[in-house]
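Written below as structure tokens is the structure these notes are about.
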2 protein chains.
Amino acid sequence: MRSLGQRAELLRVIAHPARIRILEELTKGVKCVSDFEEFLEISQPNISQHLSLLRNHGIIDYYMDGRLRCYFLVDPVIPDILKLLEQDYSESLPAPACCPVTKKGKYPGEMRR
Amino acid sequence: MRSLGQRAELLRVIAHPARIRILEELTKGVKCVSDFEEFLEISQPNISQHLSLLRNHGIIDYYMDGRLRCYFLVDPVIPDILKLLEQDYSESLPAPACCPVTKKGKYPGEMRR
DNA sequence: CCTATATATTCAAATATTATTATATTTTTA
DNA sequence: TAAAAATATAATAATATTTGAATATATAGG
């Protein structure tokens, strides 16, 4: 059960192109920092910064393999969120029926759906 | 099909406590600005700013009812994302098997899952 | 124990986001 | 048509995020 603040925080931490790419790769398997250097066009320190942020929020973790840090996914909501983002919906939600009520609205009527 | 930048942008725009509350309410039905004033503890101009941001990103829209602006959801991914955030997973993802390979890793072995 | 490799940390500058305050716009109603 | 209700806009100040550059740490191997 995430609080409102925690839900916002989680999305905020994911919401960066580099971090999304990192998480997408981690859904496929373990990766070390220099693996990320191959496809992210940002500096190594910057990669480490993003990884630290994700880890400080309990989204990923790592184990050591010699001098490599092997990062892996921990938070199970991540693959599900990434899947939604890839999905294409093609349709907007149906517009509300002609004149639904808001608290102060004048026109009676029910919301469709 | 959202680009990487668009996916990050979408999450960034959702990722604020007030905006998440707004979107949660809009999944239930149409609401006007003064409806939001009842449960959001922020000023009216601030509410309008959040609504504008969401609308500029095509996430919500409104129709007029007299002098009320009745806002409603447009982007169909929103209810799905909000559902994921509420869901509780209770379990972390399984830790990777003992010694999975990264590109440079020394130990052979496959990633679990 | 010295060196190279892999990665992290720190600090500062640039930029972006957020909330506040004051003011403007639009529509209804008297 | 003037006032009021509902909402938006603009400008600013406060704060947070992001990146870059330099430096630090840790481990493996010689």
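Taking Val74(B) as the reference, Ser92(A), Asp61(B), Phe72(B) meet the side-chain contact (heavy atoms from CB on, under 4.5 Å) condition, with sequence neighbours excluded. Residues satisfying the side chain to side chain donor-acceptor pair (under 3.5 Å) criterion with Ser52(B), sequence neighbours excluded, are absent altogether. Remark: Ser43(B) engages Pro45(B), Asn46(B) in a side-chain contact (heavy atoms from CB on, under 4.5 Å) (not counting sequence neighbours). The side-chain contact (heavy atoms from CB on, under 4.5 Å) check on His16(A) picks up Ala18(A), Arg19(A), His50(A), with sequence neighbours excluded. Residues satisfying the side chain to side chain donor-acceptor pair (under 3.5 Å) criterion with Glu9(A), sequence neighbours excluded, are Arg12(A), His57(A). Taking the side-chain contact (heavy atoms from CB on, under 4.5 Å) definition, one finds that Glu86(B) meets it with Arg7(A), Glu24(B), sequence neighbours left out.
Pairs of residues two or more places apart, or lying in two chains, that qualify as ring pair (Phe, Tyr, Trp, His ring centres under 6.0 Å) and include a residue from residues 24-45 of chain B are Phe36(B)-Phe39(B).
Between Arg55(B) atom CZ and dA8(D) atom C1' the separation is 11 Å, expressed in whole Å. When rounded to the nearest whole Å, the span between CD1 of Ile22(B) and C1' of dT7(D) equals 13 Å. In this entry the distance linking CG of Leu54(B) with C1' of dA8(D) reads 15 Å, nearest Å. Between the CD1 atom of Ile47(B) and the P atom of dT18(C) there is a distance of 15 Å, rounded to whole Å. Distance CG (Asp65(B)) to P (dT29(C)): 11 Å, rounded to an integer number of Å. Here dA6(C) presents its P atom at 7 Å from CG of Leu68(A), a figure rounded to the nearest Å. Rounded to whole Å, atom P of dA6(C) lies 16 Å from atom OH of Tyr63(A). In this structure, the OH atom of Tyr62(B) is 17 Å from the P atom of dA6(D), given to the nearest Å.
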Tabulate protein N/O versus nucleotide N/O from nucleotides 25-27 of chain C, keeping only pairs under 3.5 Å, one per line.
none

| query | After noting the C-alpha distance and the side-chain angles of Asp75(B) and Arg2(B), does the key distance pass the salt bridge (charged side-chain N to carboxylate O under 4.0 Å, His left out) rule? | reply | CA-CA 13 Å; Asp75(B) 189 327; Arg2(B) 270 180 254 263; 3.6 Å; yes
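In this structure, Leu73(B) and Pro79(B) have side chains that are in contact, with non-hydrogen atoms separated by less than 4.5 Å.
When the side-chain nitrogen and oxygen atoms of Ser48(B) are compared with OP1 and OP2 of dT9(D), none of them lie within a distance under 4.0 Å. Between Tyr71(A) and dA8(C) there is a side-chain polar atom (N or O) within less than 4.0 angstrom of OP1 or OP2. Contact annotation: Ser34(B) side-chain N/O to dT7(D) OP1/OP2 distance is under 4.0 Å. For dA8(C), one of the phosphate oxygens OP1 or OP2 lies less than 4.0 angstrom from a side-chain nitrogen or oxygen of Arg69(A).
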| task | Let me have a per-nucleotide readout for nucleotides 14-24 of chain D, 5' to 3', with B, S or -, counting only protein heavy atoms under 4.0 Å. | result | ---SSBBBB--
